[in-house]
Trainee: 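Got a structure here, written out as structure tokens. Questions coming.
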Amino acid sequence: MQENVVILDIDYVTYEEKPVIRLFSKKGDENIILIDDTFEPYLYVVSDDVEECISEIEDNIDVVCVEKVIKKDFQIESEFIKVTFKHPQELAKNRDALRDLESVIQIREFDIPFYRRYLMDRDVIPMTEVTAVGEELETFMDLDSTKQDIKIIKLTERLERKKEYPQNFRILSFDLEVRNPHGMPDSAEDEIIMIGVASNFGVNQVISTKTNSEDRDDFVNQVSTEKEMIEEFVKIIKDNNVDIIVGYNSDNFDFPYLKDRAKILDVDLDIGMDESDVKFIRRGYSNAASFKGLIHVDLYLVMRRYMTLDRYTLERVYYELFGEEKIDVPGDRIWEFWDNEGEELDTLFDYSLDDVVSTLKIAEQTLPLNLELTRIIGQPLFDVSRMATGQQAEWFLVKQAYFDGEVVPNKQGSNFADRASAEDNEGGYVREPEKGLHENLVQFDFRSLYPSIIISKNISPDVMTLGKVEDEDDYNISPEHGIKFKKSPQGFIPSVIDKILQERFRIKRQMKASDDPQERIALDVQQQAIKRLANTMYGIYGFPRFRWYSFECAKAITSWGRQYIKSSIKKAEEYGFYAIYADTDGFYAKYKKE
DNA sequence: CAGAAACGGGG
DNA sequence: GTGTACGTTTCTG
């Protein structure tokens with residue numbers, strides 16, 4: 001059978017000791033789970049005696065396949081040994097043993113999560129539409145199409161991607177209010193008093209055990225118990241086939257709280273596509289709340305990247321985006337507003353709805369960009385929405401490297417000694433502003449200064465030399481430190497930036513040519529996403545825990561940057577201007593004469 | 001002053 | 001889940 005579906009999410013399960021990829025997808029209102037058991041985990045081994053190494057691996061390690069392959073390593077074609085395992089956990093278990101074998105110099109690409117490897121190798125891009133060809137199964141492990149509202153397709157062919165991107169996802173925002181007489185609420189004792197929901201499909205309400213005054217807008221959905229509140233919330237999500245659920249700090253407050261209360265009240269929080277519960281995924285020191293086939297985006301994390309503020313409260317973020325104040329109820333008095341009823345209770349209902357409507361508005365403002373980033377990076381929206389920009393750039397590069405036949409560099413050690421030894425790079429040139437109120441200023445700035453320098457000077461570790469060279473004319477040599485970059489061939493990272501900037505110009509041209517306003521907006525978001533990614537690439541060199549970390553490259557970029565801005569200021573001075581303030585890639589200047 | 005611990009968001 | 005935050009402010013000795 002054949003179906004056109006939109007890929008939302010991915011995971012893998014173990015069936016008969018083999019890993020099986022599951023792609024959570026939708027076709028309109030229909031939930032479709034694609035199953036693929038044809039992908040196996042692998043890594044690469046570097047050895048100076050390939051034949052000897054292959055037999056040593058075969059003798060000592062339980063592997064599916066060991067083979068010699070030709071891949072590029074910093075653009076140089078090299079022999080690698082590709083070692084394929086039966087299961088990702090086998091790979092993890094044997095990683096150290098493999099590294100310790102005598103004939104093994106180095107192992108590579110051993111720390112790429114299985115589902116990410118699948119997305120890259122099979123060129124499957126989340127949030128795009130694909131044609132799936134396969135056979136329909138009635139059940140697969142705990143998936144049961146006769147009991148659950150799902151269709152299961154076991155893939156028999158590679159997925160084929162459609163050109164057009166789906167734009168209309170069903171988005172629902174939610175927010176809890178909790179009775180908290182002792183300061184911050186404790187889920188063991190303090191009941192949920194309101195669950196606000198807002199959506200782009202017409203459902204906007206506050207579920208509560210109380211209701212607001214009769215003369216007010218009737219947006220309260222009154223139920224009799226806290227348990228029914230949660231059940232009603234679950235029902236709304238299921239009945240409306242939500243694609244993306246958003247909250248504000250919902251990873252660390254709303255979902256953990258909801259889960260605790262649901263457990264106490266014996267309610268199933270089974271809102272996953274396969275009716276599974278919320279799962280908390282450890283992410284460093286905090287958690288991320290995750291569902292199967294229902295994408296949860298915590299906007300707090302998104303907004304911290306999206307704009308630069310000193311605080312990221314919902315109130316502040318909303319004000320910065322829309323210039324409007326939100327209804328304010330002091331957190332420590334919410335329980336009083338609830339207990340006092342009357343006017344204060346009405347205010348609390350308004351506050352609850354306002355919170356969730358604001359959250360939805362922020363989602364509608366920021367999700368299009370994140371959807372585009374998801375498609376460019378090629379990793380799930382759930383992950384991309386939680387990644388630091390440097391991580392986004394890195395995963396994008398990992399995917400590009402795969403297409404170029406490159407084996408990606410390993411990460412440096414992440415222990416304290418390595419971090420402490422990381423030197424501080426001198427940043428951009430700053431001229432402190434001249435005090436006073438200035439008039440008739442001119443402004444100058446470079447467009448994408450650092451990405452431009454990376455391309456024009458070909459700054460990339462694979463073409464870098466620190467030692468002596470035969471003919472200096474073949475190299476770009478950085479000011480201050482004399483770091484040399486071969487002029488050709490083009491380095492890996494410059495080539496990637498070059499490619500995406502050309503793609504950006506192509507989109508901008510297409511945008512200008514289009515007279516469909518909807519299409520123009522969509523294209524504008526695409527080019528913005530690319531611009532953000534290009535501007536992040538400099539950071540790839542500056543942080544020791546990134547795969548392409550190169551202190552020399554980072555130093556070279558900023559030193560050329562300082563040279564350019566200083567020489568521009570000097571040039572301006574020759575024409576009778578003088579700079580009253582400069583920072584990194586631009587300056588403000590006054591004309592000397594009146 | 002250096003290094004450790006806390007903090008953010010949420011109610 | 002083949003990856004385990006993170007940059008800044010405040011506290012402590």
Side-chain angles (χ1 to χ4, degrees), chain A residues 10-14 19 39-44 83-96 98 107-118 120 174-187 189-194 196 247-258 279-290 298-305 308-317 329-338 348 351-352 355 359 379 383 386-391 394-395 398 408 410-411 414 416 419-420 543 545-547:
Chain A
I10 179 169
D11 73 355
Y12 82 89
V13 289
T14 305
F39 191 65
E40 290 174 317
Y42 64 88
L43 52 70
Y44 295 107
V83 183
T84 306
F85 293 86
K86 194 168 183 182
H87 195 279
Q89 280 166 2
E90 289 284 307
L91 187 152
K93 210 166 65 191
N94 288 299
R95 211 159 44 187
D96 292 334
L98 199 52
I107 59 171
R108 300 276 284 272
E109 301 203 357
F110 50 85
D111 55 357
I112 296 171
F114 188 60
Y115 71 94
R116 294 204 173 163
R117 182 86 272 172
Y118 180 87
M120 293 187 278
F174 83 109
D175 180 47
L176 306 183
E177 308 302 333
V178 172
R179 187 173 177 280
N180 58 330
H182 337 278
M184 274 312 283
D186 173 2
S187 61
E189 294 171 21
D190 302 326
E191 61 176 320
I192 296 169
I193 52 179
M194 298 177 186
Y248 204 83
N249 201 26
S250 38
D251 270 347
N252 287 303
F253 179 74
D254 298 80
F255 274 125
Y257 207 95
L258 196 60
K279 276 215 164 60
F280 289 97
I281 296 170
R282 280 197 72 105
R283 272 175 43 87
Y285 303 124
S286 64
N287 290 319
S290 153
D298 184 341
L299 289 170
Y300 166 61
L301 301 164
V302 174
M303 297 323 288
R304 282 178 54 145
R305 282 202 317 268
T308 305
L309 302 172
D310 51 353
R311 287 171 64 76
Y312 292 90
T313 61
L314 180 57
E315 285 72 20
R316 179 66 192 282
V317 165
V329 175
D332 53 2
R333 294 199 54 224
I334 284 177
W335 67 280
E336 291 176 33
F337 279 57
W338 173 256
L348 192 58
Y351 168 76
S352 176
D355 258 14
T359 305
Q379 295 297 335
D383 297 18
R386 288 168 176 77
M387 275 179 199
T389 51
Q391 289 292 312
E394 179 167 301
W395 283 106
V398 172
V408 302
N410 286 344
K411 285 185 190 176
S414 59
F416 274 108
R419 275 190 213 181
F543 299 101
R545 72 195 125 71
F546 287 156
R547 306 185 110 96

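So that the names make sense, note that chain A is the first sequence line, chain B the second, and so on, each numbered from 1.
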Trainee: Regarding A/Gln89, tell me which of base, sugar-phosphate or nothing describes its non-hydrogen contacts under 4.0 Å with the strands shown.
Mentor: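 Base, at least one base heavy atom under 4.0 Å.
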
Trainee: I'd like the P distance from C/dT4 over to B/dG10, given in whole Å.
Mentor: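 Taking atom P in both B/dG10 and C/dT4, they lie 29 Å apart.
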
Trainee: Rounding to a whole Å, what distance do you find between A/Arg305:CZ and C/dC6:C1'?
Mentor: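 After rounding, the reported distance stands at 13 Å.
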
Trainee: Check whether any side-chain nitrogen or oxygen of A/Arg116 sits under 4.0 Å from OP1 or OP2 of C/dG1, and answer yes or no.
Mentor: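 Checking C/dG1 against A/Arg116, no side-chain N or O comes under 4.0 Å of OP1 or OP2.
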
Trainee: At what distance, to the nearest 0.5 angstrom, does CG of A/Asn287 lie from CZ of A/Phe255?
Mentor: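 Between atom CG of A/Asn287 and atom CZ of A/Phe255 there are 13.5 Å.
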
Trainee: Determine whether the aromatic ring centres of residues A/Phe114 and A/Phe39 are separated by less than 6.0 angstrom.
Mentor: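 Yes, they do, as the ring centres are separated by less than 6.0 Å.
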
Trainee: Using a 4.0 Å heavy-atom cut-off across all strands, classify A/Tyr12 as base, sugar-phosphate, or nothing.
Mentor: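 Counting heavy atoms under 4.0 Å across all strands, the contact made by A/Tyr12 is with sugar-phosphate only.
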
Trainee: How would you label the contact of A/Trp395 with the nucleic acid (heavy atoms, under 4.0 Å): base, sugar-phosphate, or nothing?
Mentor: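 Contact class for A/Trp395: base.
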
Trainee: Within less than 4.0 Å of OP1 or OP2 of C/dG7, is there a side-chain N or O belonging to A/Arg545?
Mentor: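 For C/dG7, OP1 or OP2 has a side-chain N or O of A/Arg545 closer than 4.0 Å.
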
Trainee: Summarise how protein sits on nucleotides 6-11 of chain B as a single string, 5' to 3': B when a protein heavy atom is under 4.0 Å from the base, S for sugar-phosphate-only contact, - for no contact.
Mentor: --BBBB

Trainee: For B/dG11 and C/dG7, measure between their P atoms and round to the nearest Å.
Mentor: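 So the two P atoms sit 27 Å from each other.
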
Trainee: I need the CZ-P distance between A/Phe543 and C/dG3, as an integer number of Å.
Mentor: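 It works out to 24 Å between those atoms.
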
Trainee: Kindly determine whether A/Val83 and A/Ile107 satisfy side chain to side chain contact (heavy atoms under 4.5 Å, CB included), including the steps that lead there.
Mentor: CA-CA 10 Å; A/Val83 183; A/Ile107 59 171; over 6 Å; no

Trainee: One thing to verify: whether A/Asp111 and A/Arg95 come together as a salt bridge, which I'm taking to mean a side-chain N less than 4.0 angstrom from a carboxylate O.
Mentor: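 No, A/Arg95 and A/Asp111 are not salt-bridged.
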
Trainee: Whole-Å distance between C/dG3 C1' and A/Ile112 CD1?
Mentor: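 Taking CD1 of A/Ile112 and C1' of C/dG3, I get 10 Å after rounding.
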
Trainee: Could you state the CZ-C1' distance from A/Arg386 to C/dC6, rounded to the nearest angstrom?
Mentor: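 The answer, rounded to whole Å, is 17 Å.
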
Trainee: Without decimals, in angstroms, what is the distance between A/Leu309 CG and C/dT8 C1'?
Mentor: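 Nearest whole value for this atom pair: 15 Å.
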
Trainee: Between C/dC6 and C/dG1, how many Å separate the two P atoms, rounded to a whole number?
Mentor: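 Going atom to atom, P in each nucleotide, I get 14 Å.
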
Trainee: Let me know the distance between CD of A/Gln379 and P of C/dG3, rounded to the nearest Å.
Mentor: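 Distance check: A/Gln379 CD to C/dG3 P gives 15 Å.
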
Trainee: Using 4.0 Å as the upper bound for N to carboxylate O, is an ion pair formed by A/Asp251 and A/Arg386?
Mentor: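 Judged by the 4.0 Å cut-off on N to carboxylate O distance, A/Arg386 and A/Asp251 do form a salt bridge.
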
Trainee: Roughly how many Å is it from CZ in A/Phe280 to C1' in C/dG1, rounded to a whole number?
Mentor: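 In whole Å, C/dG1 C1' lies 17 Å from A/Phe280 CZ.
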
Trainee: Between C/dG1, C/dG3, C/dT2, which one does the side chain of A/Gln391 approach most closely?
Mentor: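 Side chain of A/Gln391 sits closest to C/dG3.
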
Trainee: If I pick the C1' atom on B/dA6 and the same atom on C/dA5, what distance separates them, to the nearest angstrom?
Mentor: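 After rounding to an integer number of Å, I get 15 Å for this pair.
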
Trainee: Taking CZ from A/Arg282 and P from C/dT2, how many angstroms apart are they, rounded to a whole number?
Mentor: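 About 16 Å, once rounded to whole Å.
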
Trainee: Could you list, one pair per line, each protein nitrogen or oxygen that sits under 3.5 Å from a nitrogen or oxygen of nucleotides 9-11 of chain C, together with the distance?
Mentor:
none

Trainee: Could you go through the side chain to side chain contact (heavy atoms under 4.5 Å, CB included) check for A/Phe85 and A/Leu43 one step at a time?
Mentor: CA-CA 9 Å; A/Phe85 293 86; A/Leu43 52 70; 4.0 Å; yes

Trainee: Please report the closest heavy-atom contact between A/Trp335 and A/Asn180, naming both atoms and the distance.
Mentor: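 Here A/Trp335 and A/Asn180 meet closest at CD1-O, 3.2 Å.
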
